[in-house]
Amino acid sequence: QVQLVESGGGLVQAGGSLRLSCAASGRGRTFTSYVMGWFRQAPGKEREFLAGISWISGNTYYSDSVKGRFTISRDNAKNTVYLQMNSLKPEDTAVYYCAAGRSAAWGTVRPRGYDYWGQGTQVTVSS
């Protein structure tokens with residue numbers, strides 16, 4: 001079993017920044033073959049892909065809605081994936097989720113392409 005624990009959400013003013021963290025763990029597991037992703041879901045909306053990263057290569061990919069504002073990265077030693085969010089807007093308000101795809105291909109954006117999910121962390125951007 002893989003556990004993902006997100007942290008770093010909160011309330012921020014428009015134009016501000018936040019960094020989300022996702023700590024991955026699993027007895028005896030290594031994550032080098034995984035693709036990690038960040039998603040968000042606002043009330044009444046579908047879960048939206050934001051950014052993904054190949055754990056082994058570090059190659060990243062982004063949705064157009066956040067490209068240039070958000071940056072995904074990983075720390076292999078800490079088994080942690082980050083999402084740096086800059087120039088936040090009120091429409092970025094949502095619950096943010098970390099996801100892990102055991103056999104996902106790089107570039108996977110559909111939620112069902114990922115096998116494990118964190119509990120989510122709330123991000124609220126005030127105007």
Side-chain angles (χ1 to χ4, degrees):
Q1 188 69 12
V2 171
Q3 292 82 41
L4 304 175
V5 179
E6 301 102 334
S7 61
L11 174 64
V12 64
Q13 288 188 335
S17 298
L18 281 175
R19 189 177 80 157
L20 305 182
S21 299
C22 172
S25 63
R27 189 171 62 182
R29 286 188 181 268
T30 60
F31 298 95
T32 53
S33 64
Y34 281 56
V35 170
M36 304 296 292
W38 283 99
F39 291 75
R40 69 186 177 191
Q41 189 164 19
K45 294 189 176 181
E46 293 185 353
R47 193 162 294 192
E48 175 191 11
F49 169 81
L50 301 175
I53 186 168
S54 165
W55 203 294
I56 191 169
S57 68
N59 291 336
T60 61
Y61 54 105
Y62 298 90
S63 70
D64 288 342
S65 64
V66 303
K67 193 177 296 181
R69 296 192 299 128
F70 292 8
T71 303
I72 188 171
S73 62
R74 90 270 192 248
D75 184 326
N76 289 346
K78 296 182 178 179
N79 274 358
T80 299
V81 177
Y82 303 98
L83 186 68
Q84 177 67 42
M85 305 186 295
N86 299 327
S87 303
L88 284 163
K89 307 173 184 179
E91 51 264 43
D92 293 319
T93 295
V95 178
Y96 283 67
Y97 297 92
C98 173
R102 185 176 59 245
S103 55
W106 183 90
T108 298
V109 301
R110 297 177 305 170
R112 62 182 180 181
Y114 291 80
D115 303 290
Y116 305 100
W117 293 83
Q119 81 288 353
T121 185
Q122 175 71 44
V123 171
T124 302
V125 184
S126 64
S127 58

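Treat the numbers as computed from the prediction; the structure is a model and nothing was measured.
- Going from atom CG of N86 over to atom OG of S17 covers 3.5 Å, rounded to the nearest 0.5 Å.
- Nearest approach of A24 to L4, heavy atoms of both residues: CB-CD2, 3.6 Å.
- Taking CG of L50 as the reference point, atom OG of S63 lies at 5.5 Å (rounded to 0.5 Å).
- Distance alone, capped at 3.5 Å, places no donor-acceptor pair between the T93 side chain and the E91 backbone.
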**Request:** Determine, step by step, whether M85 and W38 satisfy the side chain to side chain contact (heavy atoms under 4.5 Å, CB included) criterion, reporting the C-alpha distance in whole Å, the side-chain angles of both residues, the deciding distance to 0.1 Å, and the verdict.
**Result:** CA-CA 11 Å; M85 305 186 295; W38 283 99; over 6 Å; no

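- When side chains are defined from C-beta on, Y82 does not count as touching I53, because their heavy atoms never get closer than 4.5 Å.
- Side chains of N59 and Y61 form no contact here, defined as non-hydrogen atoms less than 4.5 Å apart.
- The distance from the NZ atom of K89 to the OG atom of S127 is 14.0 Å, given to the nearest 0.5 Å.
- Minimum heavy-atom separation, R74 to S54: NE-O, 3.9 Å.
- Under the 3.5 Å distance criterion, the side-chain polar atoms of Y34 are left unmatched by any main-chain donor or acceptor of I56.
- A 4.5 Å side-chain heavy-atom check between I72 and V81 finds at least one atom pair inside the cut-off.
- A side-chain donor-acceptor contact under 3.5 Å links N76 and W55.
- The minimum heavy-atom distance linking L11 with S126 is given by the pair CD1-CB, 4.3 Å.
- Taking all atoms of both residues into account, the shortest heavy-atom contact from W106 to T60 is CZ2-O, 3.1 Å.
- Scanning all heavy atoms of the two residues, the minimum distance from G113 to T108 falls at CA-CG2, 3.9 Å.
- Between the side chain of E6 and the backbone N or O of C98 there is at least one donor-acceptor pair closer than 3.5 Å.
- The main-chain N or O of Q84 is never found under 3.5 Å from a side-chain atom of R19 such that the two would form a donor-acceptor pair.
- Annotation: the span from N79 atom CG to M36 atom CE amounts to 8.5 Å, rounded to 0.5 Å.
- Under the ring pair (Phe, Tyr, Trp, His ring centres under 6.0 Å) rule, F49 has a single partner from F39, Y96, Y97, which is F39.
- The structure places CG of L83 at 8.5 Å from OG of S73, a figure rounded to the nearest 0.5 Å.
- Judged by distance alone, the side chains of R102 and Y114 never bring a donor and an acceptor atom under 3.5 Å apart.
- Taking all atoms of both residues into account, the shortest heavy-atom contact from T80 to K78 is OG1-O, 2.9 Å.
- Between the CD atom of Q41 and the CD atom of E48 there is a distance of 10.0 Å, given to the nearest 0.5 Å.
- Tested against R40, the residues D92, V95, V123, L20 include a single side-chain contact (heavy atoms from CB on, under 4.5 Å) partner, D92.
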